Novice: 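First the structure, which I've put down as structure tokens, then a few questions once you've had a look.
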Amino acid sequence: MTTLVLSPRATRPLGHGLATAFLGLVVAAAVLAPLVAPYEPDAVDLAATLAPMSPEHLLGADQSGRDLLSRVLYGARTSLIGPLVLLAIASVLGVALGTLAAWHRGWVDAVVSRVTDVMYAFPGLLFVVLIVAVFGNGMTTAVIALGLAYAPTIAKYTRSVALGECAKPYIDSYRVQGMGGLAICVRYLVPNMARSIVGYLVVLFGEGLMSLATLSFLGFGAQPPSSDWGLMVKEGQPAIVQGAFLPVLVPGAAIALVVVSFNVIGVRLADRMGVRGA
């Protein structure tokens, strides 16, 4: 009898394909939520309080009788857009700082490096909580605060990539032609780093989603009646005492599956692009 053993390298494409297909389904569900959701996300039906899975409520209902499937579909919008926006904010700041440090070197590089080191020493979540305490709760504040917290990480990675890129001959050739540093960075240096940076951002997307869900769970992010997944987990906790686990399991599973899928895709993409952590 012959036993077939599949190596990790052989099984990797299958996991990557499943993760890609699942994320494609999640994105499509988020975009088409008004068309595919069986109920409005805030539709209250006290007769269906903590209803189990049934043809009327495929994933059950929460304490207020709100359909969990509908809420998860609508919640996918904020749960996916939030990390995208925070990474966009972090990328603008981080790429600019990292490129500036690598290009000028010297005291500029030293100042940027010290600033990023200080940010690393300061817990990111505590930094976000301080900002929320000053400017108030809400998804907008949480996204901006996390964008600022993630900027040093991207700056540190960008600097490491830019140092290698600046050592290439084409940089010196443009300098000899009299092209200014800003023009070289904007037109050539940053575009040439884009592939590595995008690969790194995909790896960070799942972490950003989890961070936003954590803030919503703690009450600093999305606020009721939002159907954000992190907030849904928080709102579903009291139902556990009554023996109803679906209000927590459904959004919790959605968060876990999306984060794992992004990690699978991000790691494979990073491997193919040669992306390494800073």
Side-chain angles (χ1 to χ4, degrees), residues 80-132 134-135 139-212 215 262 266 269-270 273-278:
L80 294 180
I81 293 176
L84 190 63
V85 175
L86 82 83
L87 287 179
I89 296 172
S91 298
V92 172
L93 297 175
V95 171
L97 288 174
T99 303
L100 182 68
W103 183 263
H104 288 285
R105 310 281 183 88
W107 68 269
V108 176
D109 188 14
V111 170
V112 173
S113 297
R114 295 298 79 77
V115 170
T116 56
D117 289 343
V118 169
M119 291 297 294
Y120 270 114
F122 197 76
L125 186 58
L126 180 58
F127 171 77
V128 173
V129 170
L130 289 176
I131 293 181
V132 170
V134 173
F135 296 100
M139 181 60 77
T140 301
T141 305
V143 167
I144 294 175
L146 279 174
L148 296 176
Y150 274 62
T153 302
I154 298 175
K156 196 173 183 67
Y157 175 76
T158 300
R159 175 186 174 276
S160 68
V161 176
L163 285 174
E165 198 71 23
C166 287
K168 294 183 178 179
Y170 77 89
I171 297 293
D172 291 331
S173 67
Y174 286 123
R175 281 174 166 169
V176 170
Q177 296 175 26
M179 186 175 295
L182 179 61
I184 295 175
C185 290
V186 173
R187 295 175 60 181
Y188 302 104
L189 180 59
V190 173
N192 287 341
M193 297 190 300
R195 184 177 179 183
S196 295
I197 293 173
V198 169
Y200 188 60
L201 292 178
V202 174
V203 177
L204 288 179
F205 191 97
E207 185 178 342
L209 191 154
M210 183 66 75
S211 298
L212 275 177
L215 288 177
F262 266 106
L269 185 63
M273 292 181 174
V275 176
R276 293 177 296 178

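Along the sequence shown, residues are numbered consecutively beginning with 1. Not measured: the values here are computed from a predicted model.
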Novice: So which atom in Leu215 and which in Ala142 form the shortest heavy-atom distance, rounded to 0.1 Å?
Specialist: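 Heavy atoms only, the tightest pair is CD1-CB, 3.9 Å.
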Novice: Going by the side-chain contact (heavy atoms from CB on, under 4.5 Å) test, name the single residue among Val128, Leu86, Leu87 that passes it with Val143.
Specialist: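 Result for side-chain contact (heavy atoms from CB on, under 4.5 Å) with Val143: Leu86.
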Novice: Mind checking what makes side chain to side chain donor-acceptor pair (under 3.5 Å) contact with Ser211, not counting sequence neighbours?
Specialist: Tyr150
Novice: Could you check whether any side-chain heavy atom of Cys166 comes within less than 4.5 Å of a side-chain heavy atom of Leu189, counting everything from C-beta outward?
Specialist: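 A side-chain contact under 4.5 Å exists here.
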Novice: Do Tyr170 and Tyr188 make the cut of ring centroids closer than 6.0 angstrom?
Specialist: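 Centroid separation for Tyr170 and Tyr188: 6.0 Å or greater.
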Novice: With a 4.5 Å cut-off on side-chain heavy atoms, are Phe205 and Leu209 touching?
Specialist: yes
Novice: On a heavy-atom basis, which atom in Ala101 and which in Val108 lie closest, and how many Å separate them?
Specialist: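 Closest pair (atom of Ala101, atom of Val108, distance): CA-CG1, 4.4 Å.
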Novice: Can you see which heavy atom on Pro191 is nearest to which on Cys185, and at what distance?
Specialist: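 Smallest heavy-atom distance, with atoms named: CD-O, 3.9 Å.
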Novice: With rounding to the nearest 0.5 angstrom, report the CE to OG distance, Met179 to Ser173.
Specialist: 8.5 Å
Novice: Within a strict 4.5 Å, meaning less than it, do heavy atoms of the Ile144 and Ile89 side chains meet?
Specialist: yes
Novice: If you define the side chain from C-beta out and look only at heavy atoms, does anything of Phe127 sit under 4.5 Å from Leu148?
Specialist: yes
Novice: Indicate the atoms forming the closest heavy-atom contact of Glu165 with Ile171, along with that distance.
Specialist: O-CG1, 3.6 Å
Novice: Might you work through the side-chain contact (heavy atoms from CB on, under 4.5 Å) test for Val161 and Ile197, ending with a clear yes or no?
Specialist: CA-CA 9 Å; Val161 176; Ile197 293 173; 5.6 Å; no
Novice: Could you list all the side chain to side chain donor-acceptor pair (under 3.5 Å) pairs where at least one residue sits in residues 102-115, not counting sequence neighbours?
Specialist: Asp109-Ser113, Asp109-Arg159, Arg114-Asp117
Novice: Counting C-beta onward and ignoring hydrogens, is there a side-chain heavy-atom pair between Tyr157 and Leu201 closer than 4.5 Å?
Specialist: no
Novice: Out of curiosity, Asp172 CG to Ile184 CD1, how far, rounded to the nearest 0.5 Å?
Specialist: 9.0 Å
Novice: Supply the atom-to-atom distance Thr99 OG1 to Leu182 CG, rounded to the nearest 0.5 angstrom.
Specialist: 11.0 Å
Novice: For the residue pair Leu93 and Ala151, what are the closest heavy atoms and their distance?
Specialist: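 Heavy atoms of Leu93 and Ala151 come nearest at CB-CB, 3.9 Å.
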Novice: Looking only at heavy atoms, which two atoms of Ala102 and Ala162 are closest? And how far apart?
Specialist: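 Nearest pair, atom of Ala102 first, then Ala162: CB-CB, 3.4 Å.
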Novice: Does any non-hydrogen side-chain atom of Leu97 lie less than 4.5 Å from one of Thr116?
Specialist: no
